[in-house]
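To find a chain, count down the sequence lines: A is the first, B the second, and so on, and within it residues start at 1. Just so you know, these numbers come straight off a predicted model, no measurement behind them. All values below come from the heavy atoms of this structure, side chains included, with hydrogens, waters and symmetry mates left out.
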There are 2 protein chains.
Amino acid sequence: MSTTIQMSEELGPRSGWGKAIECPMASMFEILGTKTSYLIMREAFYGATRFEEFVERTGISEPVAAARLRELTAEGLLEKVPYREPGQRTRSAYELTEKGSDLLPVLVAMMRWGDRWLFTNGARVELTHADCGAQVHTELRCDAGHPVPTDELELGLNPRRLRAAR
Amino acid sequence: MSTTIQMSEELGPRSGWGKAIECPMASMFEILGTKTSYLIMREAFYGATRFEEFVERTGISEPVAAARLRELTAEGLLEKVPYREPGQRTRSAYELTEKGSDLLPVLVAMMRWGDRWLFTNGARVELTHADCGAQVHTELRCDAGHPVPTDELELGLNPRRLRAAR
DNA sequence: CGGCATCCTTAGGGATACTG
DNA sequence: CAGTATCCCTAAGGATGCCG
């Protein structure tokens with residue numbers, strides 16, 4: 001079984017790709033490059049919204065939590081929403097935006113990998129499909145709906161894609 | 001549309017989950033916690049095997065590349081395979097193991113996210129299904145084969161799962 | 001409760017020079 | 001070519017204390 005991806009012509013080793021083309025993954029690290037930012041996002045998915053929830057549940061220190069929340073908010077992954085419980089003063093909640101929510105496949109893929117390779121028998125968190133109770137995983141599929149095994153995955157470059165009309 | 005995951009009873013905010021249970025994601029960061037380790041893995045998927053390929057294509061310095069390759073090899077994501085071209089001396093290649101290959105969904109999910117949210121129009125790397133030419137993405141599915149939208153995803157805890165007979 | 005300021009320690013990573 | 005050794009700088013993160 002082939003483990004590496006098929007590479008199309010224009011993206012060979014000598015195309016200088018590492019420097020010329022920006023990698024979406026590398027760019028993503030400018031936003032989500034630290035462990036703590038992932039932990040914060042994880043808790044956001046688990047339902048944390050209040051500052052202290054993030055701090056307690058991730059175990060990271062307040063200053064760092066504050067910094068991450070500020071950055072993630074600035075990047076548009078979280079949104080600061082003021083709310084007020086009856087009789088209480090106004091508080092702040094951090095809620096996932098669409099951009100933030102869209103990270104779910106990344107986190108799920110990470111969890112599944114950790115589950116599979118790092119916890120062969122111990123305690124684990126389960127992700128299940130509420131409707132049928134089966135385990136949830138991530139799967140590679142093409143936009144035509146086919147499952148895509150590794151050896152049918154091809155890497156190519158699309159330097160000047162036309163912008164969709166709007 | 002709900003952005004957070006349904007949480008089952010035993011995993012409420014006050015269950016002390018952050019400390020008591022090890023998160024597969026957090027554990028994964030002990031292995032893949034730095035940007036450079038992802039860059040190395042990315043290049044491994046792109047087909048890099050030689051030390052210098054990794055260095056050139058990721059742009060990271062030799063000492064750091066060496067350290068990452070050593071760590072990733074120790075963790076079993078890469079494998080050091082000696083090879084010899086006819087008439088040449090023996091050299092070392094770093095090849096993806098199954099454990100390493102299995103990270104593909106994580107990387108693809110990251111790329112797609114970066115593509116979608118960080119490069120709305122610029123140059124991009126394409127991942128296509130070789131058989132039909134359509135774009136490839138990651139999808140949440142349950143083991144029964146249903147696509148799983150966010151609001152049907154449920155988080156639960158399985159503290160003492162029986163080990164599969166073997 | 002929801003943070004920010006300050007200080008300090010450690011980890012990550014680059015540059016350069018050298019070796020089998 | 002495939003690294004290693006050394007040195008140094010910066011970024012990440014914890015502890016503590018303060019503030020609206």
**OP:** Could you list the residues that satisfy side chain to side chain contact (heavy atoms under 4.5 Å, CB included) with B:A48, not counting sequence neighbours?
**Re:** B:E43, B:E53, B:F54, B:R57

Subject >> B:E30: partners by side chain to side chain contact (heavy atoms under 4.5 Å, CB included), with sequence neighbours left out >> reply: none

Original post:
Is the closest side-chain heavy-atom distance between B:V136 and A:R141 below 4.5 Å?
Top reply: no

Subject >> All pairs passing side-chain hydrogen bond (donor to acceptor under 3.5 Å, both in side chains) where residues 70-80 of chain A contributes a residue, at least two apart >> reply: A:R68-A:E71

Subject >> Bend angle of the helix from C:dC1-D:dG20 to C:dG20-D:dC1, end axes from five pairs each (to 10°) >> reply: 50°

Subject >> Qualifying residues under ring-ring contact (aromatic ring centres under 6.0 Å, His included), relative to B:H137, sequence neighbours excluded >> reply: none

Original post:
Can you list the residues that meet the side chain to side chain contact (heavy atoms under 4.5 Å, CB included) rule with B:P149, with sequence neighbours excluded?
Top reply: B:D151, B:E152

Original post:
Does some side-chain heavy atom of B:W113 sit less than 4.5 Å from a side-chain heavy atom of A:M25?
Top reply: no

Original post:
Under the side chain to side chain contact (heavy atoms under 4.5 Å, CB included) test, which residues partner A:E62, sequence neighbours left out?
Top reply: A:F51, A:V55

**OP:** May I ask you to say what A:F54 touches in the nucleic acid, namely base, sugar-phosphate or nothing, with a heavy-atom cut-off under 4.0 Å?
**Re:** nothing

Subject >> Contact interval (first through last nucleotide) of DNA chain D with protein chain B, 4.0 Å heavy-atom >> reply: D:dC1 to D:dA5

Under 3.5 Å between N/O atoms: give me all the protein pairs with nucleotides 12-17 of chain C, atom names plus distance.
unit_1	atom_1	unit_2	atom_2	d
C:dG13	OP2	B:T36	OG1	2.8
C:dG13	OP2	B:R68	NH2	3.1
C:dG14	OP2	B:S61	N	3.3
C:dG14	OP2	B:S61	OG	3.2

**OP:** For B:F29, check ring-ring contact (aromatic ring centres under 6.0 Å, His included) against everything at least two apart and list the hits.
**Re:** A:Y38

Original post:
How would you list, by chain and number, every residue that makes a side-chain hydrogen bond (donor to acceptor under 3.5 Å, both in side chains) with A:R112, sequence neighbours excluded?
Top reply: A:D115, A:Q135

**OP:** Return no unless some side-chain N or O of A:Y83 is found under 4.0 Å from OP1 or OP2 of C:dC1.
**Re:** no

